[in-house]
Amino acid sequence: MLRPLMAPLLATVLILAGLTVFLWTISYRIRPLLFARPDVRWDEPATRTEKLLEYGFAQKRMPAKPERPAGMAHIWIFVAFIVAQLGTLTSFGLAYDANFHLPFLTHEARLGQVYLLTKDVIDVLGSLGCAAFLYFRVIQKKERMTLSWEGVFILFMILGVLWTDVLIDAAALAKSAGEVPWYLPVSGRVAEWFLYGMSPGAATTLMTAGVLLHIAIVMAFLNFLPIGKHFHIITGLPTVFFQRLTPMGQLSKLDLEHTEKFGVAKLTDLSWKEILDTYSCTECGRCQTYCPTYDTGKPLTHKEVNRAIRHHAQQAAAAFPLPLAVLAQHLNRIKPMPAPANGHGAHAADGHADDGHGAEEPAAAHSDPATGSEGAFAQGLQIPAELYEKLPPLVGEGGILPDETIWACTTCGWCEQACPVFIEQIPRIVDMRRHLVLMESRFPEEAARVFKGMEGQGNPWGMGSNRRAEWCADLDVPLAANVAHAAREFEWLFFVGCAGSFDERQKKVSRAIVQILKEARVSFCILGEEETCNGDSARRLGNEYLFQALAQQNVDTLKRYGFKKIITQCPHCFNTLANEYPQFDGHFKVLHHSEVIAQLVSEGKLRPGQVELSEPVTFHDSCYLARHNGISEAPRQALISLGIRVKEMERNRTETFCCGAGGGRMWLEETIGQRINQNRIEEAARTIGEQGTVATSCPFCLTMIKDGISETGRGERMQAMDIAELVALGLPQRT
Ligand code: SF4
Ligand code: SF4
Ligand code: SF4
């Protein structure tokens, strides 16, 4: 029998001990964040709050394809957990006062009855969610999940929290042994079935035991969180709030003039948000489902990169000074040394020296008027030089990630789109590449040839830039340089791109686009040899110097002419011109050729006839078009206008599967695991029955799909065609 004073005493010991250990443990998680690269992630608070409500509290990404059942189960657990926090507060109060209740939540008040009903029902739904996850983990052993005892243990902890809550309410009912109220359908039944008939004293003891057990489980749970992947229960919502708001396809612009150190070499070169991201990774593995590198056996997944960095941060944490000393430093107004500059914008603390959106300078906008300090996360604290020296590199020998991992990524964006807590992968991978390329000159040798070609001739093949317009020598396509006031004379500039200008296969697509534009009487011209590579591959391979030079050159040319409206045939050109050239003050309306075709058809300016294709057609969505830029219907509309019924692959639209060429991978050898393009062709073959056409809308995709078809021995039965070529087939052939 618990004596009256024992409950408050035991509860006090449990709570104080639990909180003390928790604060001590959490201090180790916070230390690396304080010394990490600064990054302002609290601009646009209204947008962030909206996203927090939508994706954090409403868990919008959870029930997404292909993980609906697990997503629903997680939502139940999440809601139960949130509601259970009120139950936990109540149990804290009950330890000191047996009649305690939260304000307005009494049994007599209508609001209290609604709360108790919700809590009772949610306890059951949350338990069903836990049961579903136990099934996924223990019976089904879902491949994407990390199957460890930790996950199972946490599920039992959650069940413990939920059912001690039920026990407390049931014991309270048993004390009075009255009629079960309508708003306690679950605890009422538990009381009726198991507890009615016990003495009031025994019921009181049971209730007190339930309260203490509940507090003990909550405290154990709280202390367990920071040491494992379930830390996301604490950091998940902040991670959603601090998510990147710039376009998915936009990388940060390095300040090349004012800094000498570029990219990410060691743990503290990552931003605090990037380290927080690793704490928030639940290891759910959703990011792996359609990840091309994971699916084809390469040493890269978003989950594993997070896990490696998190473990490294945990191991390194003890060496960092205590945050208490750091806070004291702030209180004493000792201005901290600036963080080591690594090119992420001397003027903007968010790593975007100028994101092209005309944002105010974030550091100034968030300075504390009282102290003149922006706080650790905005300004960064100086890591002692000897400590920085001792940190191992993130990549390479003696580091935590092999070079192959960093170079494997196609930057397709699937992992970022799938991650329920918006953990970012592409920026940090590119930042690690930036360090290797710009600081160590360490990169795959194939990349060296590409850089040289871009530097010397403005295209990755290094073909003479003066040959850029040869593909249309017989087509009577106007060159901007030959027409006075070209931007006034022509409504559109057709930005042909390197592949469209130099690649034999893609030149046919360029010619088809010209045929379409002429048929629809669209007024357009090209830049010819004044055009240079858009720089996408250079930037994503880590060569920011080269990218900026190319981007600036193109922007200067386009602005000199005054072009405002641009058509591209390459999603990589599209993404770079639309999302990254604003960083260079280049603001253009950019349309992909699929959008132009769909628009011309809908306006009646283009009337392609039916195209007789005897075999079925499937469409491969380019990830830089569909996922990074949300364009997936326009190419389909173009095909529909030809009377073609597209047979969809399982991985389609924003859930597309990369062809393997993104992130500069187009130019690198693929020697580990299955070739990504072959994986995609297997899927296409399953969809259209081994023969037919795979339609594309991207030069890189076209190359990869075409190669995949011949590499898998299907060259006689399948073909790859751009949608423009198919549309051109439906047009009158004029000579
Ligand atoms: S990165 Fe996101 S999707 Fe991938 S395992 Fe972690 S939480 Fe899950
Ligand atoms: S961006 Fe694509 S290739 Fe890179 S890790 Fe994510 S899913 Fe995999
Ligand atoms: S080539 Fe196409 S599918 Fe491949 S990364 Fe680029 S856009 Fe994505």
Side-chain angles (χ1 to χ4, degrees), residues 55-56 59 61-62 64 66-67 70-71 74 78 133 136 142-148 151 228-233 235-237 239-240 243 248-249 251 273-311 401 404-433 540-541 575 622-624 626-628 651 654-666 668 670 672-674 676-677 679-680 704:
Y55 295 101
Q59 306 252 299
R61 278 192 172 180
M62 271 297 166
E67 304 294 349
H74 189 276
F78 175 77
F133 267 91
F136 294 143
K142 254 185 186 291
E143 193 212 344
R144 68 175 169 84
M145 292 177 171
T146 302
L147 302 171
S148 64
K229 63 180 181 164
H230 287 86
F231 198 23
H232 80 270
I233 292 173
T235 59
L237 292 176
T239 303
V240 173
Q243 67 182 262
M248 187 187 196
L251 292 170
K273 168 62 171 52
E274 287 172 320
I275 297 178
L276 180 73
D277 275 356
T278 68
Y279 293 169
S280 300
C281 178
T282 67
E283 297 186 19
C284 67
R286 285 164 174 255
C287 49
Q288 294 175 173
T289 313
Y290 293 164
C291 168
T293 51
Y294 175 77
D295 258 14
T296 58
K298 296 174 180 57
L300 166 69
T301 75
H302 195 7
K303 179 169 99 172
E304 293 304 331
V305 173
N306 287 326
R307 187 147 66 161
I309 296 175
R310 183 176 70 228
H311 284 177
L401 297 165
E404 294 76 29
T405 294
I406 298 311
W407 294 109
C409 185
T410 70
T411 68
C412 73
W414 162 257
C415 54
E416 293 196 2
Q417 176 186 281
C419 180
V421 284
F422 290 79
I423 296 176
E424 294 153 34
Q425 167 82 321
I426 299 171
R428 70 179 175 199
I429 291 268
V430 172
D431 270 338
M432 289 188 235
R433 289 181 180 179
R540 278 149 189 83
L541 285 172
N575 180 67
S622 135
C623 41
Y624 265 78
R627 189 144 53 228
H628 285 274
R651 300 176 288 193
T654 54
E655 278 110 27
T656 187
F657 186 73
C658 178
C659 69
R665 291 283 330 167
M666 172 75 186
L668 308 185
E670 191 179 340
I672 305 174
Q674 184 194 23
I676 295 172
N677 58 343
N679 182 300
R680 186 57 160 167
M704 294 305 242

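Since we're looking at a predicted model, the values are computed, not measured. Every number for a ligand or one of its atoms is a count from 1 in the order of the listing.
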Exercise. Report the C-alpha separation of Arg665 and Glu670 in whole Å, then their side-chain angles, then the decisive distance to 0.1 Å, and conclude whether the salt bridge (Lys or Arg N to Asp or Glu O under 4.0 Å) test is met.
Key: CA-CA 8 Å; Arg665 291 283 330 167; Glu670 191 179 340; 5.2 Å; no
Quiz item: With atoms numbered from 1 as shown, which atoms in ligand 1 lie under 4.0 angstrom from a non-hydrogen atom of Thr282?
Solution: 6 (Fe), 7 (S), 8 (Fe)
Quiz item: With backbone taken as N, CA, C and O and side chain as the heavy atoms from C-beta onward, which portion of His302 lies under 4.0 Å from ligand 1: side chain, backbone, both, or neither?
Solution: side chain
Practice problem: Provide the number and element of each atom of ligand 2 under 4.0 Å from a heavy atom of Gln425. | Solution: 5 (S)
Self-check item: Distance filter under 4.0 Å to Thr293 heavy atoms, resulting ligand 2 atoms
Solution: 8 (Fe)
Self-check item: Glu416 CD to Asp277 CG distance, which is reported to the nearest 0.5 Å
Solution: 9.0 Å
Self-check item: Ligand-residue contact atoms, ligand 1 with Lys303, heavy atoms, under 4.0 Å
Solution: 5 (S)
Quiz item: Which bit of Thr301 gets closer than 4.0 Å to ligand 2, counting heavy atoms only: side chain, backbone, both or neither?
Solution: neither
Quiz item: Taking the six-membered ring for Trp, are Phe133 and Phe136 parallel (under 30°), tilted (30 to 60°) or perpendicular (over 60°)?
Solution: perpendicular
Self-check item: Interfacing atoms of ligand 2 (cut-off 4.0 Å, heavy-atom, Gly413)
Solution: 1 (S), 2 (Fe)
Self-check item: Inter-residue atom distance Thr282.OG1 - Ile233.CD1, 0.5 Å rounding
Solution: 10.0 Å
Exercise. Specify the protein heavy atom at minimum distance from atom 1 (S) of ligand 1: its residue, its atom name, and the distance to 0.1 Å.
Key: Asn306 ND2, 3.2 Å
Practice problem: Quick one: look up the protein heavy atom nearest atom 4 (Fe) of ligand 2 and list residue, atom name and how far away it is. | Solution: Cys409 SG, 2.3 Å
Self-check item: Any donor-acceptor N or O pair under 3.5 Å, side chains Arg680, Thr656
Solution: yes
Quiz item: Among protein heavy atoms, which sits nearest to atom 2 (Fe) of ligand 1, and what does the distance come to when rounded to 0.1 Å?
Solution: Cys419 SG, 2.4 Å
Exercise. Applying side-chain contact (heavy atoms from CB on, under 4.5 Å), run through Thr405 and Val305 and close with a yes or a no.
Key: CA-CA 9 Å; Thr405 294; Val305 173; 4.1 Å; yes
Quiz item: CZ of Arg286 to SG of Cys415: how many Å apart, nearest 0.5 Å?
Solution: 14.0 Å
Quiz item: Is there a donor-acceptor contact under 3.5 Å linking the side chains of Thr301 and Lys303?
Solution: no
Quiz item: Which of the atoms of ligand 2 are close to Cys415, meaning less than 4.0 Å from one of its heavy atoms?
Solution: 1 (S), 5 (S), 6 (Fe), 7 (S)
Quiz item: Can you tell me which residue and heavy atom of the protein come closest to atom 8 (Fe) of ligand 1, and the distance to 0.1 Å?
Solution: Cys284 SG, 2.3 Å
Quiz item: With side chains defined as the heavy atoms from C-beta onward, is the minimum distance between Leu251 and Thr411 less than 4.5 Å?
Solution: no
Self-check item: Residue Glu283 vicinity, atoms of ligand 1 by number, heavy atom under 4.0 Å
Solution: 5 (S), 6 (Fe)
Quiz item: Which class fits the ring pair Tyr55 and Phe422: parallel under 30°, tilted 30 to 60°, perpendicular over 60°?
Solution: perpendicular
Quiz item: Can you tell which of Cys281, Gly285, Pro420 gets a heavy atom nearest to atom 6 (Fe) of ligand 1?
Solution: Cys281
Practice problem: Could you list the atoms of ligand 1 found under 4.0 angstrom from a heavy atom of Cys287? | Solution: 1 (S), 3 (S), 4 (Fe), 5 (S)
